[in-house]
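In what follows, chains are A, B, ... by sequence order, proteins preceding strands, each numbered from 1.
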Amino acid sequence: MKDPFRIEPIDELRWRVPIQQKMTVEGMIYADATLMKDIVRDGGAGQVANVASLPGIVGRVLAMPDIHRGYGFPIGGVAAFDPDNGGVVSPGGIGFDINCGVRLHALGIDYEQIEANKGAIADALQRGVPAGMGVARRDVRLDDLDAILAGGARTLAELGIGTEEDLELIEDGGALESADPDRVGRRARERGEDQIGSLGSGNHFLEIDRIVEVYDRDAAECFGLREGGITMLVHSGSRGLGHQVCEESTPAMLRAAKKAGIELVDRQLACAPIGTAEAEAYLAAMAAAANFAYANRALLAHRAIEAIAEALGTRRKFIDAPLVYDVCHNIAKWEEHEISPGTRKRVLVHRKGATRSFAPGREELPERYRAMGQPVIIPGDMGRYSYVLCGMQGAMLETFGSACHGAGRLLSRAEAKNRATGSSVVKALNAKGIALRASSVNAVVEEMPEAYKDVAEVVSVVERAGIARRVAKLEPMIVVKG
DNA sequence: ATGTAC
């Protein structure tokens with residue numbers, strides 16, 4: 001498929017989408033020539049141009065090397081809006097899975113101990129962590145959903161799940177203050193009540209990894225990572241609750257856009273000018289859903305560490321599992337950025353499939369990382385590797401403090417199913433020494449490594465562009481899929 | 001991503 005938009009190469013890593021048609025700012029795609037071919041074929045570049053036509057947009061529309069087509073906005077995209085110049089909030093720029101994100105723990109368990117108990121740990125994780133479509137665990141029922149929607153991981157810490165000290169190591173301190181639980185509808189609540197503490201399906205996973213390489217010893221030490229060490233990665237979001245919030249926002253967004261006289265080049269870009277009742281209601285609901293996701297990942301990690309302890313025949317309190325960081329990659333946040341030379345301004349940054357990648361010095365960072373830059377956690381695919389990066393100055397200068405969020409899909413789910421069978425994928429993973437537990441064969445095939453771009457290439461682009469540098473590389477030993 | 005179409 002030919003891309004209908006003009007694109008100009010800037011250098012080896014940057015491609016400009018110049019202002020054309022209804023665009024008011026340019027787009028910038030970060031990719032090498034190889035990745036760029038996939039991006040153009042997929043049509044993600046056209047979506048970059050569409051986003052650049054929204055009112056009040058500032059700077060540029062950014063696209064990370066893992067970009068692919070999404071609902072309205074591309075996944076792997078960043079866009080910032082000026083509240084004083086007609087700027088909007090658009091749910092499509094955040095994604096259905098509000099606050100989808102990744103949580104990383106360093107585990108004080110030896111590689112040999114994991115290797116010797118791999119099957120038992122995998123089984124215990126599968127038993128202890130509910131996974132798959134709509135699946136929940138009823139033995140822990142958190143009745144006070146309002147408190148979780150308002151307080152996120154903070155509320156869980158009060159319940160003894162996670163600690164006060166952990167909260168600083170979660171973006172937004174584990175809770176967005178702007179949340180209003182009353183803005184989350186009844187159906188969303190019903191879905192959330194049953195699903196908290198469950199992993200979900202699709203690309204969500206829980207992994208035990210080995211740190212196979214350290215690139216930046218100082219940053220690794222700062223983050224509590226060492227070569228040969230073991231980590232646990234949790235990738236999940238706000239489940240059905242966030243999905244419902246997003247879905248229900250559409251009529252109000254279309255209404256608000258019409259009222260404001262915004263001509264949408266794509267209905268999926270439905271949006272509301274910041275400050276309107278529709279925009280504020282959505283932002284308050286989005287924040288509540290984001291808090292649910294922070295709590296969800298905290299509970300998932302808690303249950304997983306319990307399961308690991310059980311498999312190793314010990315108690316949870318004897319497992320050392322410090323939190324490294326918990327990041328979100330589907331959210332809109334108020335942040336101050338230099339929007340033009342010499343002008344700093346508070347703007348609404350939409351990140352959809354993009355991770356915050358703040359450089360040293362930002363006050364939002366936890367004290368212990370402030371002089372280093374933030375950990376940027378980039379999951380790859382279940383058969384190869386994932387990365388921990390560190391935010392760099394280039395991100396502040398070029399991308400509103402943002403980096404990629406993962407490998408990015410190469411094959412659609414349907415295409416993946418035509419190319420392999422569940423057993424062949426499991427066999428290949430087992431041959432690499434990876435213990436896989438999945439709740440459905442479909443999930444395994446759809447998520448096979450070949451369905452994804454090589455995350456090493458994606459990360460390489462981000463690093464060479466000065467957005468975030470590699471700190472450590474993680475290889476999976478145990479994978480639990482939805 | 002998602003009780004994958006109320």
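Taking atom CD1 of residue I75(A) and atom C1' of nucleotide dT2(B), one finds them 13 Å apart after rounding to whole Å. Rounded to a whole Å, the CD atom of E447(A) is 14 Å from the C1' atom of dT2(B). Atom C1' of nucleotide dT2(B) and atom CZ of F96(A) are separated by 8 Å, given to the nearest angstrom. The distance from atom CD of Q244(A) to atom C1' of dC6(B) is 12 Å, rounded to the nearest whole Å. The distance between atom CZ of R187(A) and atom C1' of dA5(B), rounded to the nearest whole Å, is 12 Å. Protein atom OH of Y71(A) is 13 Å distant from nucleotide atom C1' of dT2(B), rounded to whole Å. Distance, E190(A) CD to dC6(B) P: 15 Å, rounded to whole Å.
Residues E247(A) and D97(A) each lie close to DNA chain B; by heavy-atom proximity, the contact nearer the 5' end of the strand is made by D97(A).
R413(A) comes within 4.0 angstrom of the backbone, heavy atoms only, and of no base.
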*asked:* Walk me through whether H235(A) and H329(A) qualify under side chain to side chain donor-acceptor pair (under 3.5 Å).
replied: CA-CA 10 Å; H235(A) 181 202; H329(A) 50 231; 3.3 Å; yes
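Under a 4.0 Å N-O distance rule, the pair R413(A)/E447(A) qualifies as a salt bridge.
Listed by first then second residue, pairs satisfying salt bridge (charged side-chain N to carboxylate O under 4.0 Å, His left out) with a partner in residues 65-74 of chain A number zero, not counting sequence neighbours.
Every residue two or more places apart in sequence or in another chain was checked for a ring-ring contact (aromatic ring centres under 6.0 Å, His included) with H105(A), and none qualifies.
Residue S201(A) places none of its side-chain N or O atoms closer than 4.0 Å to OP1 or OP2 of dT4(B).
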